Amino acid sequence: MGVWRHAWRELRACCDLLLPPACLLCGERLPAGTPAMEFCPTCRSGLPQPAVARCPVCAVAYRTLIPASHHCEACLRQPPPFVKVHAVGPYAGTLQDAVQRFKYHGQLPLERPLGTMLAEAVLAGGGSLPELVIPVPLHQSRLRERGYNQALQLSRQVGSALGIPVAPALLHRVKATAAQQGLDAVARKSNLKGAFAVTRPFTGRRLLLVDDVMTTGATVRECASVLCKAGAVSVEVAVLGRA
Ligand SMILES: [Zn+2]
Ligand SMILES: [Zn+2]
């Protein structure tokens, strides 16, 4: 081991003694040996597991504990423009708390554990990995307000964990839309019409679209449809929480 690396490790150990790493969610001191920027065992055990019965395409959970994987009614009625959705778990409990802190309260260090969990969900989905990560974009006005795009922060973590490049600026939000919250499915869809545009074609590319939460799926449907029209051969979606 190089002398600098050794010195760095010693320094880190001293810092850990003076300022022991704490859980990003509850602030509890982490057990020795836990990597920094992690969750404590209690918070980790509160993270939801993927539903045993869910739609194989859009990952919506069924209200049953008996394993089932038939397509849901929405996907049967109107097959979505994406191939499948990888979700860390239902949008509830500790996961919901973590996402809200990350998205609305500027707790940016959460991007690392959340991004790692998202990359693991994509890997668990099996199959060959997509070639390019595309974050769901924010409109400039919302970006100025929040200061960062949570989907881009997550995309960078996922891209680096999976070794896939990230294209942060190829899909744009060209229309400032009203918040989707409180709108019904039809209103959500028309609210998003013409909201996204691409800056170049994606002919033959296999893409991974990343967002934090998927509720009705109107946003990822609209983005995936724009990407497919731009030539993408397939779009997979990765989200932390599936409502
Ligand atoms: Zn904790
Ligand atoms: Zn479905």
Side-chain angles (χ1 to χ4, degrees), residues 16 19-103 105 107-117 121-122 124-127 136 180 184-186 188-189 192 208-209 211 213-225 227-228 234-243:
D16 285 358
L19 258 176
C23 171
L24 289 172
L25 291 176
C26 69
E28 270 299 302
R29 193 181 155 171
L30 291 173
T34 315
M37 302 226 227
E38 261 290 358
F39 299 150
C40 73
T42 314
C43 288
R44 221 174 307 139
S45 69
L47 289 169
Q49 293 297 311
V52 286
R54 60 183 192 273
C55 173
V57 182
C58 72
V60 70
Y62 298 138
R63 280 175 219 273
T64 169
L65 292 174
I66 305 158
S69 62
H70 54 84
H71 288 199
C72 73
E73 197 190 326
C75 289
L76 284 174
R77 267 183 206 283
Q78 194 186 16
F82 47 78
V83 184
K84 64 168 146 180
V85 174
H86 307 276
V88 168
Y91 188 50
T94 308
L95 183 62
Q96 184 173 9
D97 177 37
V99 170
Q100 289 185 347
R101 285 162 182 251
F102 172 55
K103 188 172 174 179
H105 303 289
Q107 216 174 314
L108 279 171
L110 281 168
E111 71 189 25
R112 202 159 97 183
L114 291 176
T116 305
M117 291 194 300
V122 173
V136 167
Q180 293 283 88
D184 66 19
V186 179
R188 280 177 184 239
K189 206 176 154 192
L192 289 169
L208 181 68
L209 182 65
D211 206 0
V213 178
M214 177 173 171
T215 309
T216 62
T219 304
V220 291
R221 262 184 191 259
E222 188 60 28
C223 287
S225 144
L227 294 170
C228 288
S234 70
V235 178
E236 291 180 28
V237 176
V239 292
L240 293 168
R242 179 67 169 102

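Computed from heavy atoms alone, side chains included, the values below leave out hydrogens, waters and symmetry copies. Counting starts at 1 for both ligands and their atoms, following the listed order. Small disclaimer: the values here were computed from a predicted structure and weren't measured.
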* Judged by atom type as modelled, is there a donor-acceptor pair below 3.5 Å linking the side chain of Lys84 to the main-chain atoms of Gly125? -> yes

* To do: Determine which pairs satisfy salt bridge (charged side-chain N to carboxylate O under 4.0 Å, His left out) with at least one residue from residues 63-83, sequence neighbours left out, and list them in order.
  => Glu73-Arg77

* Asked: Given side chains that start at C-beta, do those of Tyr91 and Leu240 come closer than 4.5 Å, heavy atoms only?
  -> no

* Does Thr215 offer a backbone N or O that forms a donor-acceptor pair with the side chain of Arg242 under 3.5 Å? -> yes

* To do: State the SG-CZ distance between Cys23 and Arg29, to the nearest 0.5 angstrom.
  => 14.0 Å

* Can you check the number of protein N/O/S atoms within less than 2.8 Å of the Zn ion (ligand 2)? => 4

* Structure fact -> Closest non-hydrogen atoms of Ala238 and Val122, given as atom of the first, atom of the second and distance, are CB-CG2, 3.8 Å

Give every donor-acceptor pair under 3.5 Å between a side-chain atom in residues 42-52 and any protein atom, sequence neighbours left out.
from: Arg44; atom 1: NE; to: Phe39; atom 2: O; distance (Å): 3.4
from: Arg44; atom 1: NH2; to: Phe39; atom 2: O; distance (Å): 2.8
from: Ser45; atom 1: OG; to: Pro41; atom 2: O; distance (Å): 3.4
from: Ser45; atom 1: OG; to: Thr42; atom 2: O; distance (Å): 2.7

* **Where Val57 and Pro80 come nearest, the two heavy atoms and their spacing** => CG1-CG, 3.6 Å

* Asked: Do you know how many protein N, O or S atoms are within a distance smaller than 2.8 Å of the Zn ion (ligand 1)?
  -> 4

* Donor-acceptor contact present, side-chain Gln107 to main-chain Leu24, <3.5 Å -> yes

